[in-house]
Asker: 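Quick one: this structure, given as structure tokens, is what I'll be asking you about.
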Amino acid sequence: MKIAVLGAGTYGSYVINSLIEKYPDTEITLFDVGDKNVKSEEQIGFYSKLKKAMYKGLTDGRFFGYGGASDKWGGQLLTYTDNDYHHPDAFMQGVINIDKTRKDEMLAKFKIENKFPENHVSNELFTKTGVWLSALHRNFFHWFKIDKRQQVKIMNHCRVVRLESKNGKDIDAVVYTDGKSESKASFDYYFLTSGAFESSRILMSSGLMPEKVHFSDHLSMKVFKIKGSTVIGNEDFVFRMRGTSLITKRMIGEVTDVDADGKVAQKDCSFYVHPVFNLKFPFFVVMKEVLFKHHFELKYIWTALKDIPHCIAFAWAVLAKRRMYVMDNEWFLYIDIENPSLESYISLSKEKDAFGVQGLDVYYDAGKEAEFVFNEAKEDAIKHLSACNVKYDVLAEEINVQTCEDIYHPYGMFDFKDMNDYFTRWNNMLVVTTGCLSRSGGINPTAAMLPVVDEFIEKHLPNA
């Protein structure tokens, strides 16, 4: 069976590994616009234009080349359980069911496990513990040694322009360009794994998706400052170390009946409350720059030398106590919400990028419904903090969604009725992006799709 994987990022790398595990004789051709040097949208030559509000999910949140965004992200692997949604639709219920049965199998591929229970700490909130990939081994392409697999032919510097399909159900060929001329190739099966926005652009350019595609994302705001212990009730929220990985914890809740006037995309909106440490610790900020952005300057050494006592305390906490150092016992709680707006969408731009391909126009909206969700989430958090006698300062009395940060967890780009519809929307193609999810919930949803990939490859891949 000849298979094309369109995108060498997080999902493309995982798909290839799972295919070879199950079908070692599979012939795989991997297309990617980049190479071993992972680049941003601007560096690779893509084009997007923000037409409304502020959203950096394309310019700052997507990366191209071997491993894609997994080369830059924190690498927290979280999945769904029955606690995540009060009223999941049929598709999300299918994702939940698969996550529950295949989570351990998926995590084992990264040589990690997560047996931590989810605890209900109030009527509104429950905890979810995440295990992060090692900062040294989070690039999926390198972790799965994709460039060493004999079954894989890598076509780098190949930009996928569009897909050809006569009937809208069967993919006949992939059309790609090196920036100078177009070529095309045909395969038995296709996995579209080019990221949420680029995959949507490819489908729109192919006439396989509407000209206007809705999407949503998380909005984030720093809401509380806490001076003192990292314990809230019976739960300690300080980061722990396991090997070179982090163990982190968050509280998740859900605001229901958001849809007051019929102008939102979802009636229920999840939120999560998570700790952030050492915002005023220069060495820690520099260390994140080096580990996550691969950016180093000589002045960083001077930054460390200027604050030797705190650096020594940090090293002792991490290496000896195996926990995160909390500078001056001061830390913060952020609230991140699902943005319920119906007015966020992408469409093909009239402008073309460096490859001569139409770019994307981006419209992002965060209105009064998002403010309502934020305030409800803040009240739930305050109720729990007060019940646990936590001393805190509220940093955002009035939530202004125009100043919130976007978190680069795009979702809500498709309308799959259920898991069968997802697996069979196209006869010989599966799209694998977070954009396939109708909800993101209270997690970074990337890993939640990985068990779904395994389920499809093992049980539903046609003619395998």
Side-chain angles (χ1 to χ4, degrees), residues 6-9 11-12 31-34 38-65 68-69 72 157-165 168 171 173-184 192-219 265 339 341-367 402 405-415 429 431-436:
L6 311 179
Y11 287 126
F31 292 83
D32 196 85
V33 67
V38 176
K39 297 179 179 180
S40 67
E41 174 188 275
E42 181 180 7
Q43 291 169 332
I44 205 71
F46 284 15
Y47 175 87
S48 68
K49 179 69 173 179
L50 188 67
K51 295 290 188 177
K52 181 181 179 182
M54 178 59 68
Y55 183 70
K56 298 180 180 180
L58 285 84
T59 56
D60 294 3
R62 58 179 187 160
F63 296 91
F64 304 90
K72 304 291 185 179
H157 304 141
C158 289
R159 173 81 186 279
V160 175
V161 179
R162 63 185 179 277
L163 302 166
E164 290 188 349
S165 176
I171 307 304
V174 54
V175 179
Y176 58 96
T177 180
D178 59 2
K180 298 177 182 178
S181 61
E182 289 188 357
S183 303
K184 67 179 178 179
L192 182 52
T193 58
S194 299
F197 292 107
E198 177 64 3
S199 294
S200 295
R201 184 206 60 77
I202 292 169
L203 292 172
M204 285 189 286
S205 299
S206 309
L208 298 174
M209 211 171 181
E211 295 179 355
K212 178 178 173 181
V213 175
H214 169 268
F215 79 98
S216 192
D217 204 330
H218 283 129
L219 293 169
N339 182 4
S341 174
L342 189 63
E343 301 303 319
S344 300
Y345 62 92
I346 55 173
S347 60
L348 291 176
S349 173
K350 294 180 180 179
E351 300 294 330
K352 294 186 177 181
D353 61 22
F355 295 86
V357 174
Q358 282 180 279
L360 290 172
D361 288 335
V362 185
Y363 300 79
Y364 195 61
D365 178 72
Q402 303 306 321
E405 301 176 32
D406 42 77
I407 305 299
Y408 322 147
H409 300 161
Y411 67 94
M413 295 175 166
F414 294 84
D415 59 347
M429 181 175 69
V431 180
V432 188
T433 79
T434 59
C436 296

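Only heavy atoms go into these numbers, but all of them, side chains included; no hydrogens, no water, no symmetry mates.
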Asker: Go through the steps for M429 and L203 under the test side-chain contact (heavy atoms from CB on, under 4.5 Å), then give the verdict.
Answerer: CA-CA 11 Å; M429 181 175 69; L203 292 172; 3.8 Å; yes

Asker: With a 3.5 Å distance limit and no angle check, can you tell me whether D365 reaches the backbone of S341 through a side-chain donor-acceptor pair?
Answerer: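 A pair under 3.5 Å: no.
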
Asker: Would you call the rings of Y176 and F31 parallel, tilted or perpendicular, where under 30° means parallel and over 60° means perpendicular?
Answerer: tilted

Asker: Any chance you could measure H157, atom NE2, to F355, atom CZ, to the nearest 0.5 Å?
Answerer: 8.5 Å

Asker: For the atom pair CE (M204) and CD1 (I346), what is the distance rounded to the nearest 0.5 Å?
Answerer: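 If we round to the nearest 0.5 Å, M204:CE and I346:CD1 are 4.0 Å apart.
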
Asker: Using 0.5 Å steps for rounding, measure from the OG atom of S205 to the CD atom of E211.
Answerer: 10.5 Å

Asker: Are Y411 and S216 close enough, and set up right, to give a side-chain hydrogen bond (donor to acceptor under 3.5 Å, both in side chains), and what steps lead you there?
Answerer: CA-CA 5 Å; Y411 67 94; S216 192; 3.3 Å; yes

Asker: Does this structure show an ion pair linking E351 with K49, if we count only N-O contacts that are shorter than 4.0 Å?
Answerer: no

Asker: Can F197 and M413 be said to form a side-chain contact (heavy atoms from CB on, under 4.5 Å), step by step?
Answerer: CA-CA 9 Å; F197 292 107; M413 295 175 166; 3.4 Å; yes

Asker: Under 3.5 Å, is there a donor on one side chain and an acceptor on the other for S349 and D361?
Answerer: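 Looking only at side-chain atoms, D361 and S349 do form a donor-acceptor pair, the distance falling under 3.5 Å.
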
Asker: For Y408, does its backbone N or O pair with a side-chain atom of D217 as donor and acceptor, under 3.5 Å?
Answerer: yes

Asker: So, taking the atom named OG in S347 and the one named CD in Q358, what distance separates them when rounded to the nearest 0.5 Å?
Answerer: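 Going from the OG atom of S347 to the CD atom of Q358 covers 9.5 Å.
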
Asker: Is NZ or CZ of R159 both nearer than 6.0 Å to the six-membered ring centre of F64 and within 45° of the ring axis?
Answerer: no

Asker: Give, for atom CZ of R162 and atom CD1 of I202, the distance between the pair rounded to the nearest 0.5 Å.
Answerer: 11.5 Å

Asker: Please report the interatomic distance CZ(R62) to CD(E198), rounded to the nearest 0.5 Å.
Answerer: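 The CD atom of E198 is 6.0 Å from CZ of R62, to the nearest 0.5 Å.
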
Asker: Can you list the steps and then say if H409 with T434 is a side-chain contact (heavy atoms from CB on, under 4.5 Å)?
Answerer: CA-CA 7 Å; H409 300 161; T434 59; over 6 Å; no

Asker: For the backbone of G7 and the side chain of T193, can you confirm whether one donor and one acceptor N or O come within less than 3.5 Å of each other?
Answerer: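 The answer is yes, because a donor-acceptor pair under 3.5 Å joins these two groups.
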
